[in-house]
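Atoms within a ligand are numbered from 1 in the order they appear, just like the ligands themselves.
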Amino acid sequence: METLPKEIKKIINDCYPYIKEFNPAQKHVIDSGYLENRDNYVIAIPTASGKTVLGVMATLEAILKGGKALYAAPLISIQNEKVKEFKQFEEHGIKVGKHPSSSDLSVMVFESFDALTRFSWDTLRDVDTIILDEFHMIGEYSRGPTLECAITRAKIINPNLRIVALSATLQNMDEIEGWLEATIVEHDYRPVPLNKEVLNTEMFNTNNKNEVVVKIVEKAIEDNSQALSFVSTRLFTENLANYVSGKIKRKVTTEQKKRFKKVAEAILEVPEKKGSRPTSTCLKLAESAENGTAFYHAGLFNEQKEIIEEEFRVGNLLMIAATPSLMYGVNLPSRSVVIRDYTRWTSQGSQTIPVFDYEQMSGRAGRPQYDDVGFSYLVAKSLDEAHDLQERYVHGEVESTNSKLIENKDAIYKQIIAQVSSNLNKTPEEIQDFFKMTFYGYQMNNNPSMALFADDSLKFEIENALEFLLKNGILQAIPSGLNATALGNLIAKSNYSVETAVKLKEYASQTEFIDTNQLIYHLASTSDLPLISFKSRKNKDPVREMMAKKGLFATDIANPEATTVALIEWIDERNEYEIENMYNVYSASTRRSAYEASLLVKFLKNIFETIGKYNYSKDLDYLSARLYYGVKEDLIPLVLGVKRLGRKRARSLVNTFGEDLRPYSEKQLKKVEGVGPKLAEKIKIFSETYDN
Ligand SMILES: Nc1ncnc2c1ncn2[C@@H]1O[C@H](COP(=O)(O)OP(=O)(O)OP(=O)(O)O)[C@@H](O)[C@H]1O
């Protein structure tokens with residue numbers, strides 16, 4: 001701490017009082033001159049080893065000299081967490097927020113940073129330093145290209161921008177170093193030493209991996225600690241949580257049972273607050289929670305996921321069984337981590353997980369300030385398998401982090417549109433030059449065996465992409481060079497995939513009449529609508545029958561069809577309890593899917609208008625509102641006109657008094673359950689001003 005500039009030291013001491021001294025990894029970074037020079041940096045130190053505070057100090061260094069700083073994170077949840085953490089800097093006169101134009105330190109997600117590089121150059125030029133959290137996501141198929149191209153554009157628009165990347169340890173750091181022209185600092189310090197083991201079911205006289213998980217949880221109970229178990233599917237998380245719950249219930253003390261019971265009750269309250277009864281998934285989750293275990297996957301209500309995270313943190317859950325999605329964005333360490341499944345389903349079938357994912361899951365083991373050691377376990381069913389896992393994972397090297405910019409076709413389209421619509425590039429040659437400056441371009445040109453093909457293969461990809469974009473009316477070739485059409489500019493301003501935009505444009509071009517059910521099915525076939533999943537492969541007939549009843553031809557009955565039917569029921573005012581039981585789907589994600597569908601309908605309306613079809617706008621506005629509120633058409637004026645009324649009370653009002661509420665007094669309106677004086681007054685004002 002002593003070597004810190006005193007201003008920074010004061011702020012760190014005030015805002016992080018529990019940080020008495022820097023750990024070896026942090027010292028290693030600081031001693032490298034990190035706060036004295038303005039080099040780009042890549043800081044690769046393990047999870048929970050204090051990267052954030054290192055990033056923070058670089059921002060403070062810039063801000064205290066009168067500059068502005070950005071902190072870019074991969075997820076909204078991390079963005080919110082960091083804003084909350086950094087807000088305390090305001091006591092030192094540092095403005096913290098989400099928008100660089102009004103903050104000294106602004107925290108944003110990668111997509112917002114990308115938008116800054118495309119639409120707000122002056123604001124970007126005011127930024128002195130950017131911190132890129134979870135930088136290793138640059139190798140991710142879906143979001144890596146966005147991050148990579150945003151960095152490339154930022155370096156062009158603001159060449160003096162200092163880039164500090166916070167990353168997990170990567171195998172090909174030299175390539176990152178070359179591309180970013182950065183100083184790489186790596187260190188393997190962890191606040192809590194990690195003990196990586198491979199267990200063999202034969203050691204426990206069983207061939208059931210779940211038995212091994214039970215033993216680990218029983219050990220956790222003895223140590224007064226907890227366990228995180230990672231499995232490959234939602235159903236497995238539920239089965240494992242239930243299995244362990246049943247096996248440990250006799251080992252749970254009365255005092256623990258009381259606390260666990262409260263967690264179960266909180267879980268069941270969530271659907272009730274939403275006007276739905278607990279679904280069978282809620283009941284299953286509550287049953288597990290009563291004995292201290294929970295399952296965690298995307299098919300739960302968000303509020304239930306938050307309850308599980310919070311209760312685990314305070315020790316009111318002994319084990320969470322989760323799909324790997326928990327890895328990203330939820331800071332939930334545990335003394336023990338069990339990776340029961342090391343395979344996952346991909347489009348090419350079942351594949352073993354990358355070593356990188358193993359490291360990310362393992363890295364969760366060991367809670368700073370609590371545990372003196374963390375344990376990560378892989379589970380094998382034979383000695384040979386155990387040996388293989390030891391070699392591949394425990395002693396394995398993480399894979400190279402490679403650009404996915406060219407593999408991800410949609411990313412090429414999106415980036416070419418971005419370059420042309422922001423007037424950064426007007427010709428294929430300029431586009432090619434841009435791509436050469438990306439991480440992809442750097443890797444190709446610096447790989448001796450690839451350099452020979454680099455230019456030609458890039459030229460080929462860009463020409464193919466331009467042909468597609470011109471053919472689909474997204475770009476046009478005019479004498480002054482390539483230009484984005486109205487559709488192209490619309491896509492550039494959205495985060496939707498080009499594939500989705502083209503599908504919706506085709507729909508808009510061919511449609512003469514809006515069939516709501518057909519349109520919802522069309523939305524469910526795009527890659528941008530979060531799907532509602534079947535709970536199991538069996539019992540798909542109700543969905544199949546409903547699709548047929550609505551005149552929707554489906555060759556296969558899978559999650560797009562389940563989503564279509566769930567959303568049709570949702571706008572028919574069914575609730576999650578009914579939808580789950582009627583169609584055997586994880587209906588807790590209905591609201592989120594319906595919300596995203598309502599936004600997609602607005603996007604479709606804009607697409608209609610870019611091709612000159614304005615006479616569908618009203619229908620589409622109505623459908624967007626129906627999806628957003630989950631209502632039939634007759635309720636739209638009321639739910640739109642009275643904020644926070646909600647569909648349940650709106651339906652009760654219309655069922656009680658009819659659509660015209662003008663004749664009724666506030667006293668009469670208050671007779672409807674859930675309508676208090678304030679709401680009755682708002683309803684009265686609305687009814688008198690609304691032109692029935
Ligand atoms: N030197 C230190 N002494 C004590 N606590 C520290 C120290 N450095 C950081 N911490 C605290 O340890 C916790 C983990 O730090 P931080 O979140 O920065 O780690 P991280 O590397 O960013 O983790 P992740 O990779 O999950 O983002 C935070 O609460 C942080 O304030």
Protein heavy-atom partner closest to atom 10 (N) of ligand 1 - residue, atom, separation in Å: Ile19 CD1, 4.0 Å
Which residues share a salt bridge (charged side-chain N to carboxylate O under 4.0 Å, His left out) with Arg367, sequence neighbours left out: Asp371
N or O pair under 3.5 Å between Phe22 and ligand 1: no
Minimum-distance protein heavy atom relative to atom 5 (N) of ligand 1: Gln369 NE2, 3.7 Å
Closer than 4.0 Å: a protein non-hydrogen atom to atom 19 (O) of ligand 1: yes
Lys219 with Asp223: basic N within carboxylate O range, under 4.0 Å: yes
Top protein contact for atom 8 (N) of ligand 1, by heavy-atom distance: Gln26 NE2, 2.9 Å
Short N or O distance, Lys20 and ligand 1, threshold 3.5 Å exclusive: no
Taking atom 21 (O) of ligand 1 as the reference point, the nearest protein heavy atom with its distance: Lys51 N, 3.1 Å
Side-chain heavy atoms of Pro530 within contact of Ser589, under 4.5 Å: no
Contact check: Asp133 vs ligand 1, nitrogen or oxygen atoms, below 3.5 angstrom: no
Salt bridge present between Arg313 and Glu310 (N-O < 4.0 angstrom): yes
Lys/Arg-Asp/Glu bridge criterion (N-O < 4.0 Å) met for Lys258, Glu255: no
Proximal ligand 1 atoms for Asn23, defined as those under 4.0 Å from one of its heavy atoms: 1 (N)
Which of the ligand 1 atoms, numbered from 1, are nearer than 4.0 Å to a heavy atom of Thr47: 25 (O), 26 (O)
Atom 24 (P) of ligand 1 - nearest protein heavy atom and its distance: Ala48 N, 3.8 Å
Protein heavy atom at shortest distance from atom 28 (C) of ligand 1: Tyr18 OH, 4.3 Å
Element-labelled atoms of ligand 1 that are located less than 4.0 Å from some non-hydrogen atom of Ser49: 19 (O), 21 (O)
Validation row: Ser77, Val330 side chains within 4.5 angstrom (heavy atoms): no
Worked verdict on Ser400 versus Gln171 for side-chain hydrogen bond (donor to acceptor under 3.5 Å, both in side chains): CA-CA 5 Å; Ser400 265; Gln171 207 266 338; 3.0 Å; yes
Ion pair check, Glu21 and Lys27, cut-off under 4.0 Å: yes
All salt bridge (charged side-chain N to carboxylate O under 4.0 Å, His left out) counterparts of Arg118, not counting sequence neighbours: Asp114
For atom 27 (O) of ligand 1, closest protein heavy-atom neighbour: Glu134 OE2, 3.9 Å
Residues Glu309, Lys305: salt bridge by 4.0 Å N-O rule: no
4.0 Å protein heavy-atom contact status of atom 13 (C) of ligand 1, strictly under: no
Glu21, any N or O under 3.5 Å of ligand 1 N or O: yes
N/O separation below 3.5 Å, Thr52 to ligand 1: yes
Test: Arg234 cationic atom under 6.0 Å from Phe295 six-membered ring centre, within 45° of axis: no
